[in-house]
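Excluded from the calculations below are hydrogen atoms, water molecules and symmetry mates; all remaining heavy atoms, backbone and side chain alike, are included. In this text the structure is predicted, and so the values were computed from the model without any measurement.
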Amino acid sequence: PAALCGIVGYKPTAKRISREGAYPLSFTLDSIGPMARSVADCHRTDGEGGRMGPDLTAIGRSRAPHHIRSALIEPGADVRQRYWVVDATTDAGKSISGFLMNEDTYSVQFIVFGGQLHSYAKSGLSKFNVEKISKMPSYKDRFSAKQLDDLVSYLSSLRPGKGDVK
């Protein structure tokens with residue numbers, strides 16, 4: 001089990017992902033699913049997991065394997081606006097950081113890393129900075145080549161039918 005290895009895992013719907021090539025420990029209980037070093041590393045799949053990164057439920061249908069690999073080893077190479085990082089300080093001295101949701105001439109809305117939506121008038125901020133960087137770590141040096149291949153393979157397999165996505 002993932003917990004005995006110091007990592008976390010997500011158990012998807014039974015038989016959603018083929019067990020072909022996996023070494024069975026229990027033919028009735030085993031299920032193939034993603035694993036990470038912590039829950040904070042996880043994205044959302046099948047309606048479960050974190051909401052701070054993109055939903056990966058159908059990533060294999062929308063991204064080619066080479067794009068997925070590139071995003072894992074160089075996450076800062078192509079950062080969508082929804083994931084730009086806001087660092088701000090209110091006039092009262094409170095520091096806040098999160099992902100940019102919307103910005104206009106007078107206000108800014110962002111989701112703090114805890115998941116709550118915040119809206120501020122820019123006139124009430126003593127500091128406001130938006131960086132086009134990724135908070136996702138690179139997995140280039142975290143995984144072996146085989147582990148990275150396996151992860152790309154798994155993510156590429158996430159291709160539910162149109163009616164299957166929650």
Criterion side-chain contact (heavy atoms from CB on, under 4.5 Å) on H118 and Q109, from CA distance to verdict: CA-CA 6 Å; H118 288 260; Q109 294 79 40; over 6 Å; no
Return the OG to CG distance between S119 and N102, rounded to the nearest 0.5 Å. 8.5 Å
Minimal non-hydrogen separation, D91 against S123, with atom names: OD2-O, 3.3 Å
Under 3.5 Å, is there a donor-acceptor pair linking the side chains of S107 and D104? yes
Gap separating the NZ atom of K122 from the CD atom of E103, nearest 0.5 angstrom: 3.5 Å
About how many Å separate CZ of F143 and CG of L151, when rounded to the nearest 0.5 Å? 6.0 Å
Residues forming a side chain to side chain donor-acceptor pair (under 3.5 Å) with E74, sequence neighbours excluded: none
Enumerate, atom names and distances included, each donor-acceptor pair closer than 3.5 Å involving a side-chain atom of residues 124-133, sequence neighbours excluded.
residue, atom, partner, partner atom, Å
S126, OG, T89, O, 3.3
S126, OG, T90, O, 3.4

Quick one: do V86 and F99 satisfy side-chain contact (heavy atoms from CB on, under 4.5 Å)? Show the steps, please. CA-CA 6 Å; V86 173; F99 292 119; over 6 Å; no
Specify whether F110 and Y120 have parallel, tilted or perpendicular ring planes, treating 30° as the upper limit for parallel and 60° as the lower limit for perpendicular. parallel
Between atom OG of S153 and atom CG of L158, what is the distance when rounded to the nearest 0.5 Å? 10.5 Å
Say whether, by atom type as modelled, one donor and one acceptor occur between the side chain of S157 and the main chain of Y154 under 3.5 angstrom. yes
Donor-acceptor pair, S138 side chain versus I73 backbone, under 3.5 Å? yes
Is it true that the NZ or CZ of R80 lies under 6.0 Å from the centre of Y83's six-membered ring and within 45 degrees of the ring axis? no
Gap between atom CG of L56 and atom CZ of R63 - 0.5 Å precision: 10.5 Å
Between the CG atom in L148 and the CZ atom in R69, the distance rounded to the nearest 0.5 Å is 4.5 Å
